[in-house]
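Okay, structure first, notes after.
It should be emphasised that the depicted structure is a prediction, and the values quoted were computed from it without experimental measurement. Ligands are counted one by one from 1 in listed order, and the atoms in each one are counted from 1 as well. The figures here come from the full heavy-atom set of this structure, side chains too, leaving out hydrogens, waters and symmetry mates. Residue numbers start at 1 and run along the sequence shown.
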Amino acid sequence: MKLDASASLFETARKLMPGGVSSPVRAISPLPFYVARAKGPYLWDADGNRYIDHCLAYGPMILGHRHPAILRAVAEQMENGWLYGTPTELEVQLAQRICGLYPSVDMLRFVSTGSEATMAAIRIARGASGRDRIVKIEGGFHGAHDCVLVKAGSGATTLGTPDSRGVPVDTAKNTLQLPFNDLEAMERVFKDNRGQIAAVIMEPVLGNIGPVLPEPGYLEGVRDLTREHDILLIFDEVITGLRLSLGGAQSYYGITPDLTTLGKIVGGGFPIGVVGGRRELMENVAPQGGVYQAGTFNGSPVSMAAGIATIDFMQREQALDRVNATGERVRRALSEIVADLGLGYSVTGIASMFKVFFGERPKNYTMALKCDKAGYLRFFHRMLEAGVFLTPSQYETDFLSLAHHEEVVEKTLEAFKSNLRG
Ligand SMILES: *Cc1c(COP(=O)(O)O)cnc(C)c1O
């Protein structure tokens, strides 16, 4: 595969940007490919190579690339200008749609990224409760701000230590970590920190260590325990929102969180984040209340237009039924391929998320760490050579879009079949 143009761009980029990239996951070693254009299920790089895209920008592109309905909505909005610094009808329309799909969300604030949404959700929970500590799940990812870039100490009840240089120890110590699918550990931490925990923030399906699913009863247990201990429950649905169902994981599993964060799909591929929840919680947000949140690009008209077009198209075309059926088909076929290989690999996922784990199917972070990461990386590169772009890490989810039709799926499965064995 010829990568001369990418190699030349990367050489220049490394002098201009740390690691040559704008976000760490993109630093595919030894060389990231530079994308020139995208359409449907495909990416084309600067050297003209074509890839079937299962990364899909790490989630947002559920309708596939350059979807005509989104293109039309955005182009129409651009004709009217693209940033006003005032309220618009578009944000009212998108807010109505989101509140309709998420009964737990009475009010919301639009921000520009998922990271900003979780940052605001945590601030709202702290502001409303007057407590500083938060609980997160080990391996859960909520963006790249200080209080969620924290690793667990030596035990579930130990105070967190920073996971990144530059995060103050004083900040990290307020973030407690718990293993997923472990209600006993949660109850213990709640009892040990009585009256001090503002909220639990969790992805209902862990999407950032490969999809790790909640065991039956786990999310119900989390909801019961948080209520019992008067602790707010934040569902970070930046990946699962508008994916597991239009109403997200909360609708799929029938759990009502206190606060919800959305991002990725809800902007149709344009920058967006949403934090929403119960009225009396959201009334704490400025200017109505004393929890400050603000942003130049909040409610950006183009993102609003793309979000409205995405939701309307998905509803009209019952897009999720089709994407999720493709997901079922892919996971079933991969399970057969993996079983035939007899290497002890496993297949996980839900809806349009899937992953082949080079090891036993994990139920939490500790288990996920045991898979053969180096083996996955070698496999990832073989797939790239075969024209299939999976997420570059064992710990990121692979995605499907509405544009991944039968012929594309067949190609992907063929590539898995011939490349899984080293
Ligand atoms: C991607 C992601 C975020 C961060 O969103 P950005 O838009 O990248 O800031 C937060 N939470 C989850 C679950 C995510 O997958």
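- Nearest protein neighbour of atom 11 (N) of ligand 1, counting heavy atoms only, is Asp236 OD2, 2.7 Å.
- Between Arg278 and Asp106, no side-chain nitrogen of the basic residue sits less than 4.0 Å from a carboxylate oxygen of the acidic one, so the salt-bridge criterion is not met.
- Contacts of Glu203 with ligand 1, taken as heavy-atom pairs under 4.0 Å, involve the side chain alone.
- Partner of Asp258 under the salt bridge (Lys or Arg N to Asp or Glu O under 4.0 Å) criterion, chosen from Arg223, Arg227, Arg279: Arg223.
- Taking any N or O of Thr118, backbone or side chain, none lies under 3.5 Å from an N or O belonging to ligand 1.
- Between Arg131 and Asp230, at least one side-chain N (NZ, or NE/NH1/NH2) sits under 4.0 Å from a carboxylate O, which counts as a salt bridge.
- Phe354 and His54 have their aromatic ring centers within a separation under 6.0 angstrom.
- Residue contact annotation: Lys264 has a non-hydrogen atom under 4.0 Å from ligand 1.
- At a heavy-atom cutoff of 4.0 Å, ligand 1 is contacted by the side chain of Asn208 but not by its backbone.
- Inclusion of Val238 in the set of residues having an N or O under 3.5 Å from an N or O of ligand 1 is not warranted.
- Taking every heavy atom of Ile239 and a limit of under 4.0 angstrom, the matching atoms of ligand 1 come to 15 (O).
- Proximity to Thr113 (heavy-atom distance under 4.0 Å) selects the following atoms of ligand 1: 7 (O), 9 (O).
- Ligand 1 places these atoms under 4.0 Å from at least one heavy atom of Gly143: 4 (C), 10 (C).
- Annotation: atom 8 (O) of ligand 1 to nearest protein heavy atom, Ser115 OG, 4.5 Å.
- Using bins of under 30°, 30° to 60° and over 60° for the plane-to-plane angle, the ring pair Tyr51/Phe33 lands in the parallel bin.
- Here the shortest heavy-atom pairing between Phe357 and Gln394 reads CA-NE2, 3.5 Å.
- Looking at Gly207, Ser112, Gly114, it is Gly114 that brings a heavy atom closest to atom 5 (O) of ligand 1.
- Backbone and side-chain nitrogen or oxygen atoms of Phe141 are examined, and one is located within less than 3.5 angstrom of a nitrogen or oxygen of ligand 1.
- A donor-acceptor pair shorter than 3.5 Å can be found between the side chains of Asn298 and Gln293.
- Taking the six-membered ring where the residue is Trp, Tyr376 and Phe358 present perpendicular rings, their angle passing 60° and hence far from 30°.
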